[in-house]
> 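The structure is given below, and queries will be raised subsequently.
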Amino acid sequence: MGNSKTTQHFKKKYQELVEKGETWELLKLMGPTGPRAVVEGKEMIVLASNNYLNLANDPRIKKAAAEAIEKYGFGAGSDWSIAGYTDLQEKLHKKIAEFKGTEAGLAFQTGFAVNSGTIPAVTEKGDVILSEELNHGSIIDGVRLSRADRIVYKHCNPSDLENHLRKIEGKYRNIFIVTDGVFSMEGDIAPMKEIQKLADEYGAVTYVDDAHGEGVLGEGRGIGVHFRIEKRIDFQMGTFSKALGSFGGMLAGDKEVIEYVRNTARTWLLSAAYPPAVTAANIKALEIIMKEPERVKRLWSNREYFKKELDSIGFNTGRSQTPIIPVIVGDTKKVKELAQKLFEEGVFVLPIVFPMVPRGTERIRNQVNADHTKEDLNKALNIYEKTGKKLGII
Ligand SMILES: Cc1ncc(COP(=O)(O)O)c(C=O)c1O
């Protein structure tokens, strides 16, 4: 066991990761997440969470989940495709369609399962996928599992996309353009209007990952509504695990498209339904997000303030256009030191290093929350300034 060849091999591989500073330390929250949270026993300002609208600990969502446990029990007992489907789940599918402004909606086990299952299910040999260079890992895995040819186009660069479309005209049965809506490490927005225009011109299908756009763009409805093209995007993928404060993935589109995916995506068909309590929480989260646009307004007001102040202190916030605001340091050791010092002073952030971002662009990814107070943000900014100066970053 402990001395087997395999164990030795992985000891060495793990040691290599440690030496390069590319391992993840797990920090423990000791209660609910929110604009502030108790992390490793200490009250911190949280700037590292996807909980943009502060819904993760919302009493209405908790109540909906608790009531569902009373009525349905905890476990679903099966896959949705077999014996785990409920009337509650059917209601959620209708709510997803209403939220996204499409004919049909489908809940998935996770957002990762949407991308890694749908892309290989809907693409075949003889098709081609044009994939954005900074797409999320779940898209990359989905594309790798597909039998279609693949081409990677440059980040937020419609003219590079068009060059590829021109070159491949007439060569493939179907062309799929797959992109993140908001890029999770940069915080910039895909030029979706131009991309959709090109897709229409070249007869391509569009697939958008809206994980960081929901609750943030389009009065909370996501990138489709933001650019007023929600009826034209073929596949709108999303997740309940970020602004919606819950768990699970979603897909929205035309009825036949959704029915096809439901009958062919292996991640949907061959994996257990999540508990009905999660379904009830997801329905409630969608209701809240559609009824309370003021949450989104508060998020943007905090985002504008925090980004402006970080810029004026002298940090490099890259191409951020959303509540994801990176502080780009460009050095693994230094970014880890910065994150550690911020943590010691009460700001919960994490260093993002290779392979999450290319070497030389190591960063801290800040994500503001609709319910951060000015006091929270100012405290974090003061600590950033003091620490950034001490480490020679600004
Ligand atoms: C852009 C993007 N897509 C998909 C996912 C996966 O979503 P989930 O957490 O629901 O699996 C994430 C989460 O990290 C993401 O950032």
Side-chain angles (χ1 to χ4, degrees), residues 23-66 69 74 110 184-185 187 211-212 215-216 239-248 274-275 277-278 280-282 284-285 288-289 292 295-296 298-299 301-303 305-306 309-310 323-327 335-353 356 363-388 390-391:
T23 50
W24 282 91
E25 300 308 321
L26 296 175
L27 296 164
K28 294 183 292 296
L29 272 73
M30 295 165 165
T33 189
R36 289 159 299 283
V38 177
V39 188
E40 298 291 343
K42 196 173 143 193
E43 165 103 6
M44 312 279 290
I45 298 165
V46 179
L47 282 169
S49 172
N50 301 311
N51 181 28
Y52 298 111
L53 298 180
N54 196 20
L55 288 176
N57 192 35
D58 189 282
R60 296 162 292 178
I61 294 180
K62 291 199 286 190
K63 184 164 174 270
I69 290 179
F74 188 71
T110 63
S184 55
M185 296 300 160
H212 292 274
V216 174
T239 178
F240 289 94
S241 72
K242 303 193 191 295
L244 285 143
S246 182
F247 179 79
Y274 51 55
V278 176
N282 289 348
K284 187 51 79 183
I288 294 174
I289 222 169
E292 297 181 3
R295 277 178 186 273
V296 183
R298 288 205 303 274
L299 174 69
S301 151
N302 278 347
R303 181 267 168 199
Y305 180 72
F306 198 65
E309 293 299 314
L310 277 176
I324 298 175
I325 310 168
V327 159
V335 81
K336 288 200 160 186
E337 220 177 328
L338 176 61
Q340 176 64 31
K341 292 261 183 306
L342 288 166
F343 190 86
E344 283 163 16
E345 301 267 353
V347 183
F348 184 23
V349 287
L350 286 178
I352 310 274
V353 299
M356 313 281 270
R363 66 196 60 192
I364 284 173
R365 175 176 65 165
N366 299 287
Q367 290 162 286
V368 296
N369 184 300
D371 289 334
H372 276 133
T373 60
K374 263 277 156 54
E375 199 188 337
D376 292 332
L377 297 178
N378 284 338
K379 185 171 169 207
L381 286 162
N382 283 337
I383 297 169
Y384 250 115
E385 182 167 17
K386 191 175 81 179
T387 316
K390 207 183 273 172
L391 296 178

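Note that the structure is predicted; figures quoted are calculated from it, not measured.
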> Is the NZ or CZ atom of Lys242 both under 6.0 Å from the centre of the six-membered ring of Tyr52 and within 45° of that ring's axis?
no

> Under a 4.5 Å cut-off applied to non-hydrogen side-chain atoms, are Thr110 and Thr239 in contact?
no

> Could you go through Val296 and Val216, starting from their C-alpha distance and side-chain angles, then the distance that decides it, and tell me whether this counts as side-chain contact (heavy atoms from CB on, under 4.5 Å)?
CA-CA 6 Å; Val296 183; Val216 174; 5.9 Å; no

> Could you check whether any side-chain N or O of Asn302 sits under 3.5 Å from a backbone N or O of Asn369, counting only pairs where one atom can act as donor and the other as acceptor?
yes

> Under a 4.5 Å cut-off applied to non-hydrogen side-chain atoms, are Pro351 and Leu338 in contact?
no

> Has Lys42 got more than 12 heavy atoms of other residues, nucleotides or ligands less than 6.0 Å from its NZ?
yes

> Give me the atom names and distance for the closest heavy-atom approach of Arg36 to Val46.
C-CG2, 3.8 Å

> Quick check: closest heavy atoms across Ala280 and Ala64, and the distance to 0.1 Å?
CB-O, 3.5 Å

> Can you tell me if His372 uses its side chain to pair, donor with acceptor, with the backbone of Leu377 under 3.5 Å?
no

> Are the side chains of Arg363 and Val327 in touch, meaning some heavy atoms are under 4.5 Å apart?
no

> Checking Asn378 side chain against Glu375 main chain: does a donor-acceptor pair fall under 3.5 Å?
no

> What is the minimum heavy-atom distance between Ser184 and Arg365, and which atoms define it?
O-NH1, 2.8 Å

> Identify all side-chain donor-acceptor contacts of residues 23-33 below 3.5 Å with residues at least two apart in sequence or on another chain.
residue, atom, partner, partner atom, Å
Lys28, NZ, Glu40, OE1, 3.4
Lys28, NZ, Glu40, OE2, 3.4

> List the steps and the verdict of side-chain contact (heavy atoms from CB on, under 4.5 Å) for Val347 and Met44.
CA-CA 5 Å; Val347 183; Met44 312 279 290; 5.7 Å; no

> Would you sort out whether Leu350 and Phe343 count as a side-chain contact (heavy atoms from CB on, under 4.5 Å), showing the intermediate values?
CA-CA 9 Å; Leu350 286 178; Phe343 190 86; over 6 Å; no

> Could you give the distance from CG (Leu47) to OH (Tyr384), rounded to the nearest 0.5 Å?
6.5 Å

> Can you list everything that forms a salt bridge (charged side-chain N to carboxylate O under 4.0 Å, His left out) with Asp58? Sequence neighbours excluded, please.
Arg60, Arg295

> Is there a donor-acceptor contact under 3.5 Å from the side chain of Asn366 to the main chain of Val349?
no

> Could you go through Leu244 and Asn282, starting from their C-alpha distance and side-chain angles, then the distance that decides it, and tell me whether this counts as side-chain contact (heavy atoms from CB on, under 4.5 Å)?
CA-CA 8 Å; Leu244 285 143; Asn282 289 348; over 6 Å; no

> Check the pair Glu345 / Lys379 against salt bridge (charged side-chain N to carboxylate O under 4.0 Å, His left out), numbers first and verdict last.
CA-CA 10 Å; Glu345 301 267 353; Lys379 185 171 169 207; over 6 Å; no

> Just by distance, do the side chain of Ser246 and the backbone of Ala285 share a donor-acceptor pair under 3.5 Å?
no

> With distance as the sole test, does Asn51 use its side chain to make a donor-acceptor pair with the main-chain N or O of Ala56 at under 3.5 Å?
yes

